[in-house]
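Here is the structure we will look at.
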Amino acid sequence: MNRRRKTLLRLAGGGLLLGLLAGCVHIPDAAERNGQALQLAAARGWQPLSLRTGSFSLRAYLPASVPATGTLTVYLEGDGLAWLSADTPSLDPTPLTPLSLLLALQDPEPAAYLARPCQYEGVGSELCAQKYWTSHRFAPEVVQASNQALDQLKQRFQAQRLVLIGYSGGGTLASLLAARRQDVAGLITLAANLDHQAWTAAKHLSPLAGSLNPADSWQRLQHVPQRHYVGAADRQVGSGPVLSYAAHFPGTKRPEVVLVPGFDHYCCWQQRWPALKQEALSSWPVSP
């Protein structure tokens, strides 16, 4: 595989800025990135929580005073800093900018944030091998651990239903989770790769070995209200994988794909949130 193709594959995770490839941007270390998230959360009265699962310890953020709610919205983080260059995996996938956390902190409804395995904590554990933020980022054990974390968050909020929202790889994971649960009242993704097998095939790239693919779970997602946002200027994931995912569904069950003019993989999700969420909720036959 040539360097350009490998670069495209790694960038698809959404955790690497173009400036980093050029070596012209300072990369904050893991402690700085962790501290940034703590400060962002604390400024809105949110606090960190470590959720222990069978395979990983997952970082969550939630309000210091947890309200009881019928429907809890959970935001899943993207792939984070998965790669330092086209050929060099990061030593710690904690995101440079935790976009899903920034979205969660804007939500006026009861909400929580859930990071991906090995982000913020646990890299020193033998369970946190680099494959879990590269080729196996959507492995069965990753989905299972995130599923267990959702159960814990749901119990804390005394919730009966979940709305799952995921950015980039977090949207991929959110879709896999929604396919395995009976309590998901809605699914919203932003710039997500929902059919990574079709994407790698179209680009003649090596597949994400060891990762589950949301498009393979379409039958279990037919009755989940969904809206999938794609930046019209997104050159890293783009609309192809989302449209391929949606094409698996029969016409009456096909989820809505919305192309957002002026947006790319990073911009401008934070600026338009939570209006985009409200648009999605209002488009469903019965709002959660």
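These figures come from a predicted structure and were not determined experimentally.
A salt bridge is defined here as a Lys NZ or Arg NE, NH1 or NH2 lying under 4.0 Å from an Asp or Glu carboxylate O, and Arg235 with Asp264 fails to meet this definition.
Thr94 places no side-chain N or O within donor-acceptor distance of the main-chain N or O of Ala30, the cut-off being under 3.5 Å. A donor-acceptor pair under 3.5 Å is absent between the side-chain atoms of Arg227 and the main chain of Ile188, judged by distance alone. Under the 3.5 Å distance criterion, the side-chain polar atoms of Thr71 are left unmatched by any main-chain donor or acceptor of Pro288. Under a 3.5 Å cut-off, the side chain of His196 and the backbone N or O of Leu212 do form a donor-acceptor pair. Looking only at distances, no side-chain donor or acceptor of Gln197 sits under 3.5 Å from a matching main-chain atom of Asn213. Not a single donor-acceptor pair under 3.5 Å links the side chain of Ser146 to the backbone N or O of Val143. For the pair Thr88 (side chain) and Leu84 (backbone), a donor-acceptor distance under 3.5 Å is absent. Between the Gln155 side chain and the Gln152 main chain, no donor and acceptor come within less than 3.5 Å of each other.
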Q: Would you sort out whether Phe263 and Tyr229 count as a ring-ring contact (aromatic ring centres under 6.0 Å, His included), showing the intermediate values?
A: CA-CA 10 Å; Phe263 283 38; Tyr229 290 106; 8.5 Å; no

(Q) Evaluate Arg137 against Asp79 for side chain to side chain contact (heavy atoms under 4.5 Å, CB included), listing each step before the verdict. (A) CA-CA 8 Å; Arg137 66 190 73 174; Asp79 292 334; 2.8 Å; yes

Q.
Using side chain to side chain contact (heavy atoms under 4.5 Å, CB included), reason through Val230 and Val258 one step at a time and then give a plain yes or no.
A. CA-CA 6 Å; Val230 179; Val258 178; over 6 Å; no

Q) Which is it for Glu256 and His228 under the side chain to side chain contact (heavy atoms under 4.5 Å, CB included) test, yes or no, and what are the steps along the way? A) CA-CA 6 Å; Glu256 188 176 14; His228 305 288; over 6 Å; no

Q: Quick one: do Lys154 and Phe157 satisfy side chain to side chain contact (heavy atoms under 4.5 Å, CB included)? Show the steps, please.
A: CA-CA 5 Å; Lys154 186 179 172 184; Phe157 283 83; over 6 Å; no

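For the 3.5 Å distance criterion, the side chains of Ser90 and Asp92 fail to qualify, holding no donor opposite an acceptor. Side-chain polar atoms of Ser55 and Gln144 form no donor-acceptor pair below 3.5 angstrom. For Gln47 and Tyr61, the side-chain atoms include no donor-acceptor pair closer than 3.5 Å. Between the side chains of Thr73 and Glu109, not a single donor N or O lies within less than 3.5 Å of an accepting N or O. Between the side chains of Trp199 and Tyr245, no donor-acceptor pair is found at a separation under 3.5 Å.
Between Leu162 and Arg181 the shortest side-chain heavy-atom distance falls below 4.5 Å. No side-chain heavy atom of Glu32 sits under 4.5 Å from any side-chain heavy atom of Leu96.
Taking all atoms of both residues into account, the shortest heavy-atom contact from Leu221 to Pro214 is CD1-O, 4.3 Å.
The side chain to side chain donor-acceptor pair (under 3.5 Å) contacts involving residues 34-46 comprise Asn34-Arg59, where partners must be two or more places apart or lie in separate chains.
Ring pair His265/Tyr167: centre-to-centre distance below 6.0 Å.
Of the candidates Gln219, Gln222, Gln226, Lys253 forms a side chain to side chain contact (heavy atoms under 4.5 Å, CB included) with just one, namely Gln222.
In Arg161, the CZ atom is crowded: over 12 heavy atoms of neighbouring residues, nucleotides or ligands sit closer than 6.0 Å. Counting heavy-atom neighbours within 6.0 Å of Gln271 CD, excluding the residue itself, gives a total above 12. The local environment of CZ in Arg52 is sparse, with at most 12 non-hydrogen atoms from other residues, nucleotides or ligands closer than 6.0 Å.
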